[in-house]
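Have a look at the structure below, then the notes.
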There are 4 protein chains.
Amino acid sequence: MGQDASAGQPTDWRSYGPSPLPKILRGALGAFAEHGYQATSIRELATAAELSVPGLYHHYQSKQEILVSLLEIVYTELLDRSRAALASGGDDPLARFDASVESLLRFHMFRRAEAFVASTELRSLIPENRSRCVALRDEQQEILATTICDARKVYDTVTEHAGDAARALSTMCVGVATWYREDGPLSPDEIVKRYLGFARGLIGAAGQG
Amino acid sequence: MGQDASAGQPTDWRSYGPSPLPKILRGALGAFAEHGYQATSIRELATAAELSVPGLYHHYQSKQEILVSLLEIVYTELLDRSRAALASGGDDPLARFDASVESLLRFHMFRRAEAFVASTELRSLIPENRSRCVALRDEQQEILATTICDARKVYDTVTEHAGDAARALSTMCVGVATWYREDGPLSPDEIVKRYLGFARGLIGAAGQG
Amino acid sequence: MGQDASAGQPTDWRSYGPSPLPKILRGALGAFAEHGYQATSIRELATAAELSVPGLYHHYQSKQEILVSLLEIVYTELLDRSRAALASGGDDPLARFDASVESLLRFHMFRRAEAFVASTELRSLIPENRSRCVALRDEQQEILATTICDARKVYDTVTEHAGDAARALSTMCVGVATWYREDGPLSPDEIVKRYLGFARGLIGAAGQG
Amino acid sequence: MGQDASAGQPTDWRSYGPSPLPKILRGALGAFAEHGYQATSIRELATAAELSVPGLYHHYQSKQEILVSLLEIVYTELLDRSRAALASGGDDPLARFDASVESLLRFHMFRRAEAFVASTELRSLIPENRSRCVALRDEQQEILATTICDARKVYDTVTEHAGDAARALSTMCVGVATWYREDGPLSPDEIVKRYLGFARGLIGAAGQG
DNA sequence: GATGAATGAGATTTCATTCAT
DNA sequence: GATGAATGAAATCTCATTCAT
């Protein structure tokens with residue numbers, strides 16, 4: 001109850017299949033991750049999508065539209081998973097906090113390129129598109145701030161500055177996308193473990209739970 | 001008392017005057033911060049430097065050279081200040097840790113644009129230039145890792161994974177450059193205070209010192 | 001009495017119903033009138049015709065074919081009406097001249113867009129198509145030249161240079177399509193009256209008839 | 001006195017040297033006259049100017065700017081010559097009328113391509129540029145209307161509709177640019193003579209002077 | 001060092017047209 | 001006839017860079 005899939009949402013926020021991006025966006029993702037949006041030409045995007053240049057324009061009106069489409073999908077998936085994680089934490093504030101952080105971490109490992117591009121290329125969006133994506137990102141961050149606040153209440157540490165802590169914590173987790181490699185020395189589970197330690201310490205809830 | 005200048009290094013790692021960049025690099029910094037390296041044209045750089053285009057080429061051989069010159073200066077200043085901060089901490093491991101973090105934070109506030117461009121445009125360097133800059137950055141991070149390790153030894157928390165913690169901590173502090181504004185609601189001192197709290201918690205040394 | 005239809009020709013060269021163009025050509029006419037042939041895309045033509053792009057190609061083999069089809073219809077209608085007008089003038093040379101001019105004028109008011117496009121886009125036709133249309137136009141102009149010549153004979157003014165006069169006169173009437181508006185200050189009848197005055201003066205037959 | 005050149009104005013409105021256009025505009029003129037503005041590519045313009053494409057952009061910011069620059073020069077020369085012609089007519093209304101018409105005619109013969117492009121490509125200007133050129137053209141036409149009015153007063157023909165007559169007359173003269181060839185059967189002087197006949201007839205002042 | 005002029009290469013985008021369904 | 005997808009060619013324009021003066 002409550003964990004059954006509703007309307008195509010990911011049933012399990014911990015499980016990651018292959019990225020569900022359409023071919024063009026998958027190709028664009030790779031190129032943007034490698035050289036950045038500005039340094040990626042339409043030709044590269046077309047090649048990556050195994051299309052001619054006008055073929056690409058048949059699906060998207062502009063390079064900018066490709067970027068927004070990609071980022072909206074990414075931020076939406078992140079938000080969906082964050083919500084699912086939050087819900088899975090039940091009533092225990094610390095469990096909810098842990099789940100939120102873990103979700104953020106896993107996303108930045110299993111959707112490494114997506115997350116990396118989403119954070120580095122926000123600046124490449126035109127204002128209108130950017131604000132839509134920033135809204136999604138902020139909503140996600142708000143979840144984190146709330147769980148921090150709640151967790152701190154229970155363990156009677158300071159409950160102030162939850163927003164600052166959320167931003168710091170978020171930055172820390174987002175940074176994982178910068179260096180994580182599937183074939184690196186640490187397994188995702190191990191990374192989650194270590195970072196959860198960092199995270200609890202950061203909010204002043206270490207040693208508990 | 002420990003503040004004596006050594007070899008032209010900044011006497012006080014806490015004090016920031018105006019950025020000592022040559023005019024061309026100062027202009028480039030602004031442009032790169034605003035639009036990114038790729039999206040900035042040589043003409044914009046020349047205009048920002050109040051120079052003609054060939055005049056600019058008189059000083060730097062290429063756009064790439066402008067970027068690498070800028071980033072080397074920035075990373076070098078950061079490293080110098082980190083070393084000075086470290087030294088100012090004397091023999092107390094926790095003081096050394098605090099100083100390292102504080103130095104990192106202050107740099108990302110008072111050299112906001114510099115730090116932002118240095119981290120976002122590393123990718124725009126050609127491999128050879130990039131590795132030189134990465135080496136400087138890594139050296140700075142190594143300082144942090146060492147202080148973490150030392151601090152933990154004293155407070156008998158885990159001494160493993162200091163590298164991970166250093167990376168996480170570093171990411172967190174670097175992120176400050178993304179949002180800090182001189183006219184924002186928080187003073188630099190206040191930010192330092194809060195983040196030092198986060199930092200100590202993160203490495204498991206909260207409540208001490 | 002002289003108004004009997006011959007071979008589907010318009011009975012009355014003075015009366016104008018809605019333009020009898022097929023839908024595709026009507027749409028093309030509007031687009032060509034507004035932006036010109038070169039600046040009009042096949043997609044615009046398809047949209048204007050409420051057809052898909054391949055649907056449009058089902059009817060016409062190319063953009064060029066659309067243009068030539070349109071222009072041939074227009075020049076043919078103009079020629080037909082000129083002939084009808086001429087015939088309606090009976091044996092009176094001046095009446096024949098007046099009718100020719102009036103017909104030309106009315107066509108350039110009531111088939112304003114058609115006439116405008118026909119004259120401005122002749123140059124956009126490939127040579128083969130152009131020569132067919134030019135032949136039709138020249139035939140029309142020849143009618144005018146003949147009536148000028150005949151009218152002058154009667155009123156013993158110079159009968160030379162009828163070709164020049166025809167061209168000048170024709171240009172003058174064609175120009176009406178450039179500025180005439182249905183909701184303008186002058187009624188078609190009023191315009192005809194004034195221009196007939198100009199025309200008679202031009203050929204040296206003023207004050208007569 | 002009065003015929004000496006003042007400030008670079010053409011001393012004699014009847015005499016035409018080679019067109020004083022800068023090389024780029026001269027090349028553009030030829031191309032626009034041949035294929036029209038829309039059908040002329042930047043590459044053709046560059047080739048005609050014996051420049052590379054970016055070389056062309058060094059001098060003009062856009063294709064549109066090339067067109068306006070050209071048209072403004074053309075309309076300005078036409079207006080200057082019209083004023084000079086008017087002045088040369090002294091106090092005699094008919095002489096002033098004749099001079100105005102003759103000036104218009106000569107311009108459309110000796111600046112054939114210029115005049116042709118100026119009239120056919122007005123529509124290719126963006127509104128702002130168009131209105132500037134239209135203002136120049138209208139001023140020229142206003143001169144014609146005034147002379148018509150004055151001439152008619154003297155010969156007690158109708159003085160109404162001078163604006164209509166000016167437009168009709170102007171159109172007629174402009175049309176000369178469509179067909180005039182230097183190596184054609186008629187000399188400029190001969191054409192002027194015939195068209196002056198047409199013009200006087202058109203305004204109802206034939207047989208006089 | 002400033003200036004004006006120039007360029008090869010390449011950017012994004014649009015074109016007319018076609019084909020399988 | 002409609003549709004969606006595709007493409008080679010070409011459009012306008014900008015880039016980093018260079019050179020003579």
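The figures here come from the full heavy-atom set of this structure, side chains too, leaving out hydrogens, waters and symmetry mates. To find a chain, count down the sequence lines: A is the first, B the second, and so on, and within it residues start at 1.
Going from atom NE2 of A/His35 over to atom C1' of E/dA11 covers 16 Å, rounded to whole Å. The separation between B/Gln38 atom CD and F/dA16 atom C1' is 12 Å, rounded to whole Å. Taking atom CZ of D/Arg43 as the reference point, atom P of F/dA11 lies 7 Å away to the nearest angstrom. Regarding D/Tyr37, its OH atom lies at a distance of 10 Å from the C1' atom of F/dT12, rounded to whole Å. The CG-P distance, from D/Leu45 to F/dA11, rounds to 11 Å in whole Å.
Put simply, CG on D/Leu25 and CZ on D/Phe32 are 9.0 Å apart, with the number rounded to the nearest 0.5 Å. Here the CG atom belonging to D/Asn129 is positioned 11.5 Å from the OG atom belonging to D/Ser124, to the nearest 0.5 angstrom. Residue B/Ser69 holds its OG atom at 12.0 Å from NE2 of B/His59, rounded to the nearest 0.5 Å.
Only B/Val53, B/Pro54, B/Tyr57, B/Ser62, B/Lys63, listed by number, bring a heavy atom of residues 48-67 of chain B to less than 4.0 angstrom from any atom of DNA chain F.
Nearest heavy atom pair, residue D/Leu21 against residue D/Arg26, reads O-NH1, 2.5 Å.
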Q) What dot-bracket string describes DNA chain F from 5' to 3', counting Watson-Crick and G-U wobble pairs whose defining distances are under 3.5 Å, with [ ] for crossing pairs and | for pairs to another strand? A) .||||||||||||||||||||

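At least one donor-acceptor pair under 3.5 Å links the side chain of C/Lys63 to the backbone N or O of C/Tyr37. The closest donor-acceptor contact from the side chain of B/Glu121 to the backbone of B/Gln38 lies at 3.5 Å or more, if one exists at all.
By the 4.5 Å heavy-atom criterion applied to side chains, A/Glu77 and A/Glu114 are not counted as neighbours. Side chains of D/Leu67 and D/Leu125 form a contact here, defined as non-hydrogen atoms less than 4.5 Å apart.
At a threshold of 4.0 angstrom between heavy atoms, the contacts of C/Ile42 include nucleobase atoms, whether or not backbone atoms are also involved.
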